[in-house]
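One structure is given below, encoded as structure tokens.
Being a predicted model, the structure only gives us computed values, none of them experimental.
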Amino acid sequence: IAAMKAFANWLVKHDRMLKSPFRVLSKLNPEESELRHERRAATQADFEALLTSAAQGQPFRGLTGPDRAMLYLVAVSTGYRASELRSLTRESFEVETRPATVVLHARHSKRRKRDPQPLRNDVANLVQVYLEEIRSRRPKQIWPGTWTEKGAAMVRKDLDAAGLSYRDEGGRVLDFHSLRSTFATNLARAGVSPAKAQELMRHSDVNLTMRLYKKLELSDLAEAVEQLPAIAPGISVAAKVAVDLVDLTGIHGLSGVTHVQTSGTESNPAPAQQAQAGGEVMVKLAAHKKEPPVRLELTTYALRKRRSAN
């Protein structure tokens with residue numbers, strides 16, 4: 001689309017066309033088009049296994065095993081895309097300062113801005129050691145080569161070596177760009193606000209951050225629910241009474257239950273006393289309940305009651 005629009009604009013500019021027929025078309029967002037390949041974020045255990053297998057693996061398109069392990073670590077720590085990581089040089093890293101940063105120059109950034117990205121101190125320390133080790137063979141560019149053309153195949157090779165599946169049971173894949181998804185998901189798991197996550201992901205629209213990259217698993221949501229306030233002991237008795245009340249009368253609510261007397265303390269009755277109190281309430285409810293005849297419809301039973309009252 002971009003090429004067609006550019007060509008049509010050139011024709012208009014040189015008076016070879018009155019107006020562009022493609023002027024109403026909008027460019028596809030490449031990150032929205034990635035929905036064709038649904039990705040999953042790597043769990044902590046899977047990512048550690050990936051790093052281990054990569055560090056022990058054979059070279060791939062000029063990158064040794066340790067090169068790939070450090071590449072994956074920086075990718076999941078910054079959310080940088082493959083092409084952005086390939087552009088990084090020694091000067092891009094400022095690991096001796098605090099906070100440590102890695103700087104993506106405007107000509108390599110997707111949003112055409114100079115983007116400094118903070119690094120965790122432990123990641124910065126590992127990067128600093130790595131840069132010293134490769135100083136002689138990588139004097140300028142850190143991860144050069146054509147590996148970006150086969151990024152998915154590179155990750156898949158290391159996944160196979162680690163005994164991990166490239167595609168899970170739900171059809172979601174774990175490729176190189178999934179490391180960017182993992183970065184965003186880790187931000188969500190850490191409770192980072194959407195505004196900060198948007199800035200760290202370098203998105204122009206926060207909806208893109210939320211829609212494409214915050215891929216929380218059910219286990220993450222369960223952990224969030226577990227952080228809710230604990231149920232007080234007295235509430236459990238009331239909840240049981242409410243459930244049994246609905247079962248007996250079909251009336252929803254606790255309006256008919258005023259108080260449950262127990263011999264324990266008012267704020268924290270003993271469990272046995274709670275059960276006893278709940279049982280006493282249920283006995284009283286059952287004693288006052290009039291069951292309709294088994295073989296008659298409820299409407300018939302209700303009509304008979306009204307006639308007898310008259």
Side-chain angles (χ1 to χ4, degrees), residues 31 34 37-61 63-86 88 93 95 100 102 104 117-131 133-134 142-143 147-148 150-192 196-197 200-202 209 212-224:
E31 294 192 354
E34 287 162 4
H37 306 286
E38 187 177 1
R39 294 180 169 91
R40 73 180 190 272
T43 64
Q44 185 66 25
D46 287 351
F47 183 68
E48 291 177 358
L50 177 64
L51 287 185
T52 301
S53 65
Q56 300 172 354
Q58 298 299 316
F60 183 93
R61 293 205 169 197
L63 296 184
T64 66
D67 289 337
R68 296 198 303 280
M70 186 56 61
L71 174 65
Y72 297 158
L73 178 62
V74 174
V76 87
S77 301
T78 61
Y80 281 179
R81 303 170 180 87
S83 59
E84 295 169 340
L85 290 163
R86 184 183 58 183
L88 297 179
F93 291 92
V95 292
V102 54
L104 187 64
Q117 190 84 325
L119 292 174
R120 283 177 53 97
N121 291 338
D122 53 354
V123 174
N125 293 336
L126 292 173
V127 170
Q128 186 175 8
V129 173
Y130 172 72
L131 292 178
E133 291 179 351
I134 66 169
I142 307 303
W143 296 292
W147 61 268
T148 53
K150 294 290 184 180
M154 178 176 67
V155 172
R156 190 166 188 170
K157 176 182 178 181
D158 291 326
L159 286 173
D160 292 340
L164 300 175
S165 299
Y166 170 73
R167 190 181 303 273
D168 66 5
E169 296 178 354
R172 302 175 303 169
V173 301
L174 182 58
D175 58 9
F176 193 89
H177 200 78
S178 297
L179 300 179
R180 178 170 166 83
S181 301
T182 302
F183 173 65
T185 302
N186 288 343
L187 292 176
R189 288 170 176 163
V192 176
K196 291 180 179 179
L200 290 168
M201 293 295 296
R202 296 168 293 117
T209 307
L212 290 180
Y213 291 98
K214 200 179 78 169
K215 301 181 179 180
L216 296 179
E217 302 289 342
L218 182 60
S219 58
D220 300 312
L221 301 178
E223 290 179 3

For V155 and Y166, what are the C-alpha separation, side-chain angles and deciding distance, and is it a side-chain contact (heavy atoms from CB on, under 4.5 Å)?
-> CA-CA 9 Å; V155 172; Y166 170 73; 6.0 Å; no

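Taking both residues in full, the closest heavy atoms of H177 and R39 are given as CB-NE, 3.5 Å, listed atom of the first, atom of the second, then distance. The minimum heavy-atom distance linking A124 with A100 is given by the pair CB-CB, 3.4 Å. Residues L179 and F47 share a closest heavy-atom pair of CD2-CE1, 4.1 Å. Here the closest heavy-atom approach between residue S77 and residue V123 is recorded as OG-CG2, 3.7 Å. Of all heavy-atom pairs spanning P66 and A55, the tightest one is CD-O, 3.7 Å. The minimum heavy-atom distance linking Q117 with L200 is given by the pair NE2-O, 2.9 Å.
Side-chain contact check for V74 versus V102: every heavy-atom pair is 4.5 Å or farther apart. Residues L104 and Y80 have side chains in contact (heavy-atom distance under 4.5 Å, counting atoms from C-beta outward). Here the side chains of M70 and I134 are not in contact, with every heavy-atom distance at 4.5 Å or above. Looking only at side-chain heavy atoms (C-beta outward), L174 and L159 come within less than 4.5 Å of each other.
One N or O on the side chain of S53 and one on the backbone of D158 form a donor-acceptor pair closer than 3.5 Å. Judged by distance alone, the side chain of S165 and the main-chain N or O of D168 form no donor-acceptor pair under 3.5 Å. For R68 (side chain) and Q58 (main-chain N/O), a donor-acceptor pair under 3.5 Å exists by modelled atom type. S178 places a side-chain N or O within 3.5 Å of a backbone atom of D175 that can act as its donor or acceptor partner.
The distance from the CE atom of M201 to the CZ atom of F183 is 6.5 Å, given to the nearest 0.5 Å. Residue L85 holds its CG atom at 5.5 Å from CH2 of W147, rounded to the nearest 0.5 Å.
Each of R86, R81, E84 was scored for a side chain to side chain donor-acceptor pair (under 3.5 Å) with T148, with one residue passing: R86. When each of Y130, W143, Y72 is checked for a side chain to side chain donor-acceptor pair (under 3.5 Å) with D67, only Y130 meets the rule.
The local environment of NZ in K150 is sparse, with at most 12 non-hydrogen atoms from other residues, nucleotides or ligands closer than 6.0 Å.
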